[in-house]
> 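Questions regarding the structure given below will be posed in turn.
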Amino acid sequence: MDENEIARRASGLPQRFADRIPARTLEIIELMDGGGEYGELTIELAAALAAHHTPVTAAERDELLALLEAMELPTDPIAELNVRG
């Protein structure tokens, strides 16, 4: 996955999960998106989803994992996700 693909995929995450994360978290990750901080955005989102035991699909988990791996970032929050379906 190249930088453009990472940016494209990560930029879609805030709106995709907007109804499943706290408003403050959404605000933070939208700022990260605007600043091009896609790694921080992805980690913060995954951590928030895990902390709140928010249901995610296996496909959503896999997408978050792929993004973190592509950016060579820690994947620790992924194991804590509440995967349904």
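Just so you know, these numbers come straight off a predicted model, no measurement behind them.
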> State, with a plain yes or no, whether a side-chain heavy atom of M71 is found less than 4.5 Å away from one of E40.
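The answer is no; the side chains never approach within 4.5 Å.
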
> For a quick test of reading the model, state the closest non-hydrogen atom pair linking I6 to A70 and the distance between them.
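Residues I6 and A70, closest heavy atoms: CD1-CB, 3.9 Å.
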
> Does any part of the side chain of R61, heavy atoms only, come nearer than 4.5 Å to the side chain of I78, both counted from C-beta?
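The answer is yes; the side chains approach within 4.5 Å.
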
> Are L67 and L31 linked, directly or through intermediate hydrophobic residues, by side-chain heavy-atom contacts shorter than 4.5 Å (ILVMFWY only)?
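No: no chain of side-chain contacts under 4.5 Å links L31 to L67.
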
> Who passes salt bridge (Lys or Arg N to Asp or Glu O under 4.0 Å) against R84, sequence neighbours left out?
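By the salt bridge (Lys or Arg N to Asp or Glu O under 4.0 Å) rule, R84 matches no residue at all.
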
> Quick check: does any side chain N or O of E60 sit under 3.5 Å from a backbone N or O of T57, one acting as donor and the other as acceptor?
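Yes, because the side chain of E60 sits within donor-acceptor range (under 3.5 Å) of the backbone of T57.
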
> Starting from the C-alpha separation in whole Å, work towards a yes-or-no answer on side chain to side chain contact (heavy atoms under 4.5 Å, CB included) for N82 and V56.
CA-CA 6 Å; N82 178 15; V56 298; 5.8 Å; no

> Less than 4.0 angstrom from a charged side-chain N to a carboxylate O is my criterion; do E63 and R16 meet it?
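Here E63 pairs with R16 in a salt bridge, since their nearest N and O are under 4.0 Å apart.
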
> Applying salt bridge (Lys or Arg N to Asp or Glu O under 4.0 Å), name anything that partners E37, two or more places apart in sequence or on another chain.
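E37 satisfies salt bridge (Lys or Arg N to Asp or Glu O under 4.0 Å) with no other residue.
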
> Could you report the tightest heavy-atom contact between G39 and L68, atom names first, then the distance?
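Here G39 and L68 meet closest at O-CD2, 4.5 Å.
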
> Measure across E30 and P14 and return the closest heavy-atom pair with its distance rounded to 0.1 Å.
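Shortest heavy-atom separation between E30 and P14 comes out as CG-CB, 4.0 Å.
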
> Mind listing the closest non-hydrogen atom pair of A50 and P77 along with its distance?
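The answer is CB-O, 3.9 Å.
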
> Determine, using the 4.5 Å side-chain heavy-atom cutoff (strictly less than), whether L64 and M1 are members of one ILVMFWY cluster.
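Yes, L64 connects to M1 through the hydrophobic network.
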
> Tell me, do L41 and L13 make a side-chain contact under 4.5 Å, heavy atoms counted?
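Sidechains of L13 and L41: in contact.
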
> Is the CD atom of E5 crowded by more than 12 outside heavy atoms at less than 6.0 Å?
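Buried by this count: over 12 neighbours within 6.0 Å.
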
